[in-house]
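For reference, the structure is listed below as structure tokens.
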Amino acid sequence: MTRATRVRALFALAILALSTFLALTQPARLGLDLRGGTQLVLETRDSPTAEADREATDRTLEVLRRRVDALGVSEPNLSRAGDHRIVVELPGLDDPDEAAEVLGRTAQLTVHPVLGTTAPGTDTGRTAPADGSTVLPDDAGTPLRLGPAALTGAEVRRAAAEFDGQDGSGWSVGLTLHGAGERAWARLTGKAACAAPDDPARRAAIVLDRKVISSPRVEASVACGVGITGGTTRITGGFDQHAAQELALLINGGALPVPVDIVEQRAVGPTLGALAITSSAQAAVIGVALTAVFITVVYRLLGALATLALACYALISYAALLALGATLTLPGLAGFVLAIGMAVDANVLVFERAREEYAAGPHARPRTLRSALAAGFRNAFSAIADSNVTTLLAAVLLFFFASGPVRGFGVTLCIGVAASMVSALLVTRVLAECALALRPVGRRPRLTGLAGLGRVRSWLSRRRPDLMRHRRRWLALSGAALLLAGSGIAVRGLDYGVEFTGGRMVEYTTTRPVDAERARAALGTAGLDRAQVSTSGDRTLTVRTERLSAAQLTAAGRVVDELGGGAQKVRDELIGPSLGEELRRGALVALGLALLAQLGYLAVRFRWTFALSAVVAMAHDVVVLVGVFAWLGKPLDGVFLAALLTVIGYSVNDSVVVFDRVRELRGAGRGTPFPDLANTAVLQTVPRTVNTGMGAVFILAALAALGGDTLTDFALALLIGIVVGTYSSVFTATPLTVVLERNGGASPRRSDRRPARRGGRPDRWDTGARV
């Protein structure tokens, strides 16, 4: 074992030891869609007396935190998002309307002297400028003329729900005042005690959010001018236990500094979360097992070692997720599983280059297995680096310009890309170098999987098809695909999800199958004539509408329960129209910036003709994928956006691998016509493309079969993207590059003229020679 191998081995062991420690000692932070609960996004707005700036939002966050603590929710999470938004996560709470009612109320508690009553029909809610009085109806509907507030909820030390069955008052809220509040209460009640027993001025009005909830009369035992001392009082008003406890909770939490609007509301039942975890875990096990079998069959000993490295990759990714404190959501879990398949790509690139190096030995210099492997790592590094950087660009854009679950997908994708680099370039290399150093392995080179070109490469070496000869035909075929996809968008239209349009979506699981048309008719009879009803699977029914009040939600649940012989609400999402517009705009910005970022990076790393061709191929893939979903009538939501940006990264990965080989051949075989170089590069990289694609297909097929409705659409989008991306890299990007090079391409830059490797010809394919 060389010194470099020992250093790499120690470094790999240190990373694996730290990852194992984190995995065993740190708990995973699961998103609400995996453990069940409610998520609310609240947006602060200006009030007549306060501006909703960053400081006001921070104060509002603290008030909400006290209210959430009083709700008794375990492990709540509250965080500020920007200057005006607050994200509240409440695990285990499956009633989003109740949470919204408690958290969204301003809860401005004030106590006023009653100056008198006014005639019925008087305009209420307005403040008279002369004496500062306000007219508000009491709980019986009588308009009361109230004086300025004598004290507010800020002077309340504690509020508690109390029950008194002896005097018949039932449930009430007891208040304990402190400081100035105690003195103000004594002054208020002392002045009221001087009024006649039947005079309305003998009452004190307790107002919550400009609504009189109680106006108790000061008892005759209270002395005039002295009032009620001791700093205690009760709010009565015919409360039941729930109402009394909720009012006490709001008073203890304090008043919100500024009003808030609920712009997003999600609730996921714990059953759906458990199902998502189970199905994703099954998909991971089956997909990785199939990938491991495939890569072992193709690359034998090195394939088995790469499988072991993939297990290390999964451990490193999971530990990085724990170390960053990232929340694992359902799309994030899908990204984590998918990245396992993507990690195969780097190993395949290295092994295919090592095969070429070993096969080129008799024509250049004698090659050993270890030297061929070292050359494979060295020559594949640029393609691995470029392809991973482009994927990282898409993942970073997801993080900064998306939100919610899609943002979690971007985080796990970034972690997965970084971990795949460590797995392929460090762990796999250490394992392979140690294995190839063994004498029994050295005496049996075919056991390693490097001694042989493979069936795909052998077939191509015999046939030598000239794919670039028909480049205009391939471009015409790509144009036809774009036309067909575009017609789907024009004819069928795009079905934007609730995330992008705003509205409410409720998903139910039923005991027996429910026909969508029958459910739609029944909901229309119940007053939901504009509801969109869809079914997936045998017993899953989804209701989408612009708005859905609490009463309408109850009615919808009753209808579905009757039709389905019993129903359980497993998901409830409410997106405000302003937030939906913002998310849609952010998605378009992320998509546009992804294309520009890819164009800029490829233009720097390669030539402008290469960059333009790759971006055109990416745009081709995007339009085709969106068009297919339009024809299928599937919604475009946040999960689809995650899949779409992943397809962009996958598409450019394939193009980068081909262009990297073109650049290498161009530097080694000067004077060779560019179409011949491009054709040779395509033929040389086809084995990598096929083997990498098969590894990803196993993972995605498992997700599509076992991942549930959400992951099924996600996996379907990626399966389509893999097929279209593989096609476009060979039959769109490369032919377009040939056309651009012949019509307007400049002479090669200095960075394109990479010298041939020392020791003779690079390999027997580089100049198009027959094998």
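Below, each value reflects all heavy atoms present in this structure, side chains not excepted, and no hydrogens, waters or symmetry copies.
Each of V114, I206, L146 was evaluated against V212; a single residue qualifies, L146, per the side-chain contact (heavy atoms from CB on, under 4.5 Å) test.
Here T542 pairs with nothing under the side-chain hydrogen bond (donor to acceptor under 3.5 Å, both in side chains) rule; sequence neighbours left out. The salt bridge (charged side-chain N to carboxylate O under 4.0 Å, His left out) search around E55 returns R59, not counting sequence neighbours. Residues satisfying the side chain to side chain contact (heavy atoms under 4.5 Å, CB included) test with L324, not counting sequence neighbours, are I415. Under the rule for a side chain to side chain contact (heavy atoms under 4.5 Å, CB included), R512 has no partner lying at least two apart in sequence or in another chain. Residues that satisfy the side chain to side chain contact (heavy atoms under 4.5 Å, CB included) test with T510, not counting sequence neighbours, are V514, R539, V560, A567. Under the rule for a salt bridge (charged side-chain N to carboxylate O under 4.0 Å, His left out), R217 has no partner lying at least two apart in sequence or in another chain. Residues forming a salt bridge (charged side-chain N to carboxylate O under 4.0 Å, His left out) with D58 (at least two apart in sequence, or on another chain): R80. Checked against ring pair (Phe, Tyr, Trp, His ring centres under 6.0 Å), Y508 has no partners two or more places apart in sequence or in another chain. Applying the side chain to side chain contact (heavy atoms under 4.5 Å, CB included) criterion to E562, with sequence neighbours excluded, gives R558. Taking D261 as the reference, R45 meet the salt bridge (charged side-chain N to carboxylate O under 4.0 Å, His left out) condition, with sequence neighbours excluded.
There is no side-chain donor-acceptor pair under 3.5 Å between T509 and T540.
What you find for G565 and T511 is that their closest heavy atoms are O-OG1, 3.1 Å. Closest approach of L541 to A519, counting heavy atoms only: CD1-CB, 3.7 Å. Between T110 and A149, the shortest heavy-atom contact is CB-CB, 4.0 Å. When all heavy atoms of V41 and R85 are compared, the pair lying nearest together is CG1-CD, 3.9 Å. Scanning all heavy atoms of the two residues, the minimum distance from P635 to D713 falls at CD-OD2, 4.4 Å.
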Could you tabulate the donor-acceptor pairs under 3.5 Å formed by side-chain atoms of residues 174-196, not counting sequence neighbours?
residue, atom, partner, partner atom, Å
T189, OG1, W185, O, 2.8
T189, OG1, A186, O, 3.3
T189, OG1, I228, N, 2.8

Which pairs would a plain distance check flag for residues 153-161, meaning a side-chain donor or acceptor within less than 3.5 Å of a matching protein atom at least two apart in sequence or in another chain?
residue, atom, partner, partner atom, Å
E155, OE1, T152, N, 2.8
E155, OE1, T152, OG1, 3.2

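R520 contributes atom CZ, which lies 12.5 Å from atom OG1 of T525 (distance to the nearest 0.5 angstrom). Taking CZ of R202 as the reference point, atom SG of C224 lies at 8.5 Å (rounded to 0.5 Å).
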Self-check item: Stepwise salt bridge (charged side-chain N to carboxylate O under 4.0 Å, His left out) check, D495 with R544
Solution: CA-CA 12 Å; D495 180 18; R544 292 172 55 192; 3.5 Å; yes

Exercise. Would you sort out whether Q39 and V87 count as a side-chain contact (heavy atoms from CB on, under 4.5 Å), showing the intermediate values?
Key: CA-CA 7 Å; Q39 181 190 63; V87 180; 3.8 Å; yes

